[in-house]
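Counting begins at 1 with the first residue of the sequence. From a predicted model like this one, the values you see are computed outputs, not experimental measurements. Order of listing sets the numbers, starting from 1, for every ligand and every atom in it.
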Amino acid sequence: MSKPEVLLDEMTREETLQYLNETVRPEEGVIPAYILADPTIYKLEHEKIFMKTWILLGHESELSQKNDYLTRDLAGYSVIITRSSDGELRAFYNMCTHRGMKLCRADKGNKANFTCPYHGFNFKNTGELIGVPLQNDIYGDKMDKSKMSLNKVTIATYKGLIFGTWNDNPQPLEDFLGDYKWYLDMVFGRTEMEVVGPPQKFIVHSNWKIGSDNFVSDSYHTMVTHGSIAALGMVPSATYSKRGYQVHTNNGHGCNIGMPNPDFAFPENLIDEYKANLSAAQFEMMSNLKNLIGTVFPNLSILVSHTKIKDQLISNTTMRLWKPVGPDKMEVMTWFLVEKGATEDWKERSREAYILTFSPSGIFEQDDTEVFTDITAAASGTMPYTKQLTYNYTMGMHREPVKDFPGPGVAYPDKFSEAGSRNFYRYWLDLMNS
Ligand SMILES: [Fe+2]
């Protein structure tokens, strides 16, 4: 690696990219520390990744009724997602087209139209401007309301997940997800899933990539970071997290599949439905699933986890967004999902399992965010850059993928590998160069 002569913020765009390409070497298992907390890298990520790819906005069950709406963040900009009376989902930039005021200031609600708090301009939840106070008197016939509709935001859904993008010419969502859909189907498409309650939000002083990276390929840390759960008897042994497979697919996506599992940890009253919605191979894998931990590039992580509640192993399904709010800070949003057709008792115990483990107060979540915070602090400032500090991502480079794995993508025979991270950073670098 060549010695940097100037700091990143003194480089031209071309020099920055050249330096990135010299120093970020996923195929060799070398990732430099500076990419976690440098403001220049953060700015470039915003432009090349967050403004270009599909980013999760929410789940369709959060807008189950006509006229429901949500406001969510898309790459630092507020958007309104609506379900209008025709049942269709739409999204708009949350800005009044008159003078730019944030049109809707609530997180969620139910209404057919939105009134701007500044001058009272009124918009239907389908985007059209329908009312202007004193219009005839103060504008005469000069105002053409049809030209002042809200600015549309491109959205698409897959198995209930709503994604948005600022890209005017995006790769179709299903192509972007590609082979990874096979795994998403087990998590979100096995039956109708519903989000319970509003997502929980909390701030962590961490770079967003550490969360994505942790879920895409770091099962190794479980033995140590979460060692207390083995000590408490919540899992059978400290190395329980090794058994299974690690898989990655195109576009930086990947997951860790913990199996086998002697117990079926999903609601048994829905088995026929699971069989109808999944292929035989998917159902077989799900029946044997202990956990599934993964990341949809760039910052959506998904999780099916199992916990013993009153001596019964019970699954809980969550998703979380590592939303960047600065190079060294993110807002984490966590959604708990449950099978809509499960019994009330099952739903309650599954929620309890989530609260105990991966909610903001959960035993795992607190372990992880402590680590994420310290890594970010150690990567901050100019020293990690000038001293060329790097991380080692070589785990599993000597191993060959499994040949007869039933799912798509590249699979390795157990979960202790960093292949998923190397794949994540390969795609990250490709987009930074795009
Ligand atoms: Fe963890």
Side-chain angles (χ1 to χ4, degrees), residues 31 36 183 187 200 202-248 253-259 261 289-308 315-323 330-336 353-379 391-393 395-396 412 414-422 424-425:
I31 302 295
L36 290 188
Y183 303 96
V187 181
Q200 293 183 288
F202 51 103
I203 295 284
V204 181
H205 291 270
S206 164
N207 182 261
W208 67 273
K209 292 189 289 300
I210 306 175
S212 293
D213 169 77
N214 178 279
F215 274 64
V216 87
S217 85
D218 199 329
S219 295
Y220 186 41
H221 81 285
T222 310
M223 283 196 308
V224 180
T225 311
H226 308 299
S228 56
I229 58 162
L232 286 171
M234 288 169 76
V235 293
S237 73
T239 53
Y240 78 101
S241 56
K242 187 170 186 285
R243 295 184 71 188
Y245 299 91
Q246 184 178 101
V247 189
H248 64 260
H253 316 308
C255 59
N256 301 270
I257 296 166
M259 55 193 294
N261 184 8
L289 199 67
K290 209 163 51 176
N291 49 44
L292 191 155
I293 305 146
T295 293
V296 178
F297 189 92
N299 67 333
L300 166 63
S301 288
I302 62 174
L303 176 66
V304 178
S305 166
H306 292 172
T307 311
K308 242 185 199 159
S315 63
N316 70 92
T317 301
T318 58
M319 58 181 188
R320 68 210 45 231
L321 203 61
W322 317 104
K323 191 181 92 184
M330 61 181 175
E331 183 185 69
V332 187
M333 285 177 81
T334 308
W335 290 258
F336 167 68
Y354 156 66
I355 298 292
L356 275 172
T357 54
F358 281 97
S359 74
S361 60
I363 186 166
F364 286 92
E365 196 73 37
Q366 294 185 62
D367 291 341
D368 283 330
T369 50
E370 281 291 307
V371 172
F372 298 177
T373 303
D374 281 355
I375 293 172
T376 303
Y391 306 127
N392 185 308
Y393 274 94
M395 194 196 304
Y412 286 89
D414 71 46
K415 289 158 74 190
F416 286 6
S417 171
E418 283 158 353
S421 290
R422 293 191 289 272
F424 175 89
Y425 276 114

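Listed here is the closest heavy atom pair of N291 and S305: CB-CA, 4.2 Å. Of all heavy-atom pairs spanning N256 and V216, the tightest one is ND2-O, 3.1 Å.
Atoms CZ and OG1, from F215 and T295 in turn, are 7.0 Å apart once rounded to the nearest 0.5 Å. To the nearest 0.5 Å, atom CD1 of residue I293 and atom OG1 of residue T318 are 10.0 Å apart.
Between F424 and S217 the shortest side-chain heavy-atom distance does not fall below 4.5 Å.
Around the Fe ion (ligand 1), the protein atoms of type N, O or S that sit closer than 2.8 Å are H221 NE2, H226 NE2, D368 OD1, D368 OD2.
Taking the six-membered ring where tryptophan is involved, the planes of F358 and F364 are essentially parallel, since the angle between them stays under 30° and well short of 60°.
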